[in-house]
Amino acid sequence: MTQHLFNNKGMKAARPLLLITKKAHAALVLAGILLSATTLFGQQKAGNAVTIAAGVASADITPQTPIRMAGYAARLSTDADSVLQPIAAKALALGSDAQHPTLLITVDLVGIPWRITKNVTDFLTKEKGINPAQVAIFASHTHGGPEVGNLINILQYRNGGFSDSLLALKQLIEITQYTEQLTQKLKDLAVAALNNRKPALVSWGQGQAQFANNRRTKGGPVDLALPILKITDPNGALKAVFLNYACHGTTLGGEEHKIHGDWIAEAHRVIEARHPGATALVALGCAGDANPEPRGALENVQRHGKEIADNVDKLLTAQLQPLHSAPSGTMQWIRLPFSKVPTAAELVEWTKDASIKGYYARLALERLERGETIPAVVDYPFQVWNFDNKMAMVNLAGEVVVDYSLRLKDLYGAERLWVNAYANDVPSYIASRRVIGEGGYEAEGSMYWYNKPSPFVPEVEDMIVNAVGESIPAAFKDKRPAINHLEAVQKEADGSYHLSSWMAGAEGSRIKYMPEWKAFGWFDAKDKATWNADIAKAGKYDVYLEWSVSDTMAGKTFELIAGNKRIKGKVDKTGSWFTYRTKKIGYLQLPKGTANIVLQSGAASEKGSMFDVRALRLVPVK
């Protein structure tokens, strides 16, 4: 029997979800290469590492009274009257006042309306001098939270049909009071994070999680990347982790009528339980067409939350890339046109439709009769933040489908691009050219739920990608080799030789150069990569390998051959195919002249992929 938790003293949270003992899917993680620290203006040094001012804060945003739930149209019950998981807002402030700080705020909500974001940013600009371009509010898109205005159209759905009546006044007041309280809490939260700033070490890397599945097409595209920002004090104690994963918050279905944050809330609960004193912030990537699998039960929520936490733990001990300066960025607006703006006569005809399209037509006709117009475009915001010329973070509004993330990473490098969605506003689904051409819910049906007149024109994908590209810093626009080609590797200024994957020849049926990662993938026991290095001075050279591999595929043997010299070794775990690691594997004594260097399997009988390889580096021993 469900325990009802609303009373005169407010809402109380039910017992937290328990962790399952069943092992989650394959664990994964990604990291960059450790770089030497450099001193930058406005920063301090902790030993040999550069610190950035960082502060965190957290607030409970669980409703304290009954309220309409957001997310699913087909809920039989209209109000939530109890709590399965408490929901929260979290804030991370990066940078000193002199550096114009950045604020990253996460909320366990289905979306965040622009009117709330603007209210918060206007306050921060007036009271704290914060640039609005440096503030982002990320919604987790849980389908177990309260309605905040993004999907108000859903609320007149009743047992497979629509009501002509207005939303009950009591419910409208409850939603209004909640959003007003939420707005004030977000202002207070941001100020608390700014006030809590202290010197911190900041680094980033990427891993993987496996439970996201394309919900439109079996085996269709998904973005499995799990990037994190790691924030520690100067002594290395974890203070915060900001992470992202591209998957809907829909593990639990519309039959669940209790407030909950789905896998997102479970992930930050588990992370914080494992790391007392640390704050976990969870944002979503381009999850518009991705659902969690399996789904439908509490144990699935627990399983997915644990998988995220397990992979975050791997990243926290991986080779992450230090960031030495607070982010800087821009915010831009573009207009996304709809494919059609219906006439009054067409809307009258649409009212005969028993689906959401017919209900939208009623709303649109009322708008026309009030003397208003039906919008022909959506004003669409996005941000691009530059983290130390090492990582670019793109914040996109709306329920963005996966094609945008994959295309941007192809253009600017999956190894250095972080893409968030559901950022600052959720006006509708943001379908791609492919999805619009295929039709269906994300392309058309959802638009009426969001009070929009029609699908977008297919060109919106190019409009968004091109506009983001104009804001991408120049440091991320270097020409990325599209294919690998054997060419002579020359000495660098420090005397070392960087044997990049695109400068190698490849032999074998499976090995493939991946330009978005600047690495060879699908490298198995029958494949090999070959480099020619013009060695200017004979001598002893330490050899470093940069590679990635999943934990389940690690352990195979490799050998590096240069003439009659060989280095043999085993492929160590890195955490995931997205987690690159650099390690010294031995040394070679090389004569002056062209050195032919071959990387291959050490045992031709081994089965399956061996590793992904980004580069070798030869460093002269002095």
ask   = Short question: side chain of D388, backbone of L323 - any donor-acceptor pair under 3.5 Å?
value =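 A pair under 3.5 Å: no.
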**Asked** Which residues pass the salt bridge (Lys or Arg N to Asp or Glu O under 4.0 Å) test with R617, sequence neighbours left out?
**Response**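 Partners of R617 by the salt bridge (Lys or Arg N to Asp or Glu O under 4.0 Å) criterion, ordered by chain and then number, come out as E492, D494.
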- Please confirm whether the backbone N or O of W502 pairs with a side-chain atom of S500, one donor and one acceptor, at under 3.5 Å?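 No; zero donor-acceptor contacts below 3.5 Å.
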What class does the angle between the rings of F523 and F520 fall in, given that below 30° is parallel, 30 to 60° is tilted and above 60° is perpendicular?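 Ring orientation of F523 relative to F520: perpendicular.
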Would the distance check show the side chain of Y245 and the main-chain N or O of D223 forming a donor-acceptor pair, the cut-off being under 3.5 Å?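 Checking the backbone N and O of D223 against the side chain of Y245, no donor-acceptor pair under 3.5 Å is found.
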side-chain hydrogen bond (donor to acceptor under 3.5 Å, both in side chains) involving S432 - partner list, sequence neighbours excluded: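 Testing S432 for side-chain hydrogen bond (donor to acceptor under 3.5 Å, both in side chains), a comparison that skips the adjacent residues, returns D403.
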*Test: E266 and K306 ion pair at under 4.0 Å*: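 Salt bridge: no.
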Can you list everything that forms a side-chain hydrogen bond (donor to acceptor under 3.5 Å, both in side chains) with T251? Sequence neighbours excluded, please.
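Testing T251 for side-chain hydrogen bond (donor to acceptor under 3.5 Å, both in side chains), a comparison that skips the adjacent residues, returns D262.
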request  = With sequence neighbours excluded, tell me which residues meet ring-ring contact (aromatic ring centres under 6.0 Å, His included) with Y404.
outcome  =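 For Y404 there are no ring-ring contact (aromatic ring centres under 6.0 Å, His included) partners, ignoring immediate neighbours.
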#### Entry: Sequence-distant partners of F138, ring-ring contact (aromatic ring centres under 6.0 Å, His included), two or more places apart
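F242.
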key: Aromatic ring proximity Y497/W531, centre distance under 6.0 Å   =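 No, they do not, as the ring centres are separated by 6.0 Å or more.
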- Item | Residues forming a ring-ring contact (aromatic ring centres under 6.0 Å, His included) with H268, sequence neighbours excluded |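 Once residues adjacent in sequence are excluded, H268 has no partner under the ring-ring contact (aromatic ring centres under 6.0 Å, His included) criterion.
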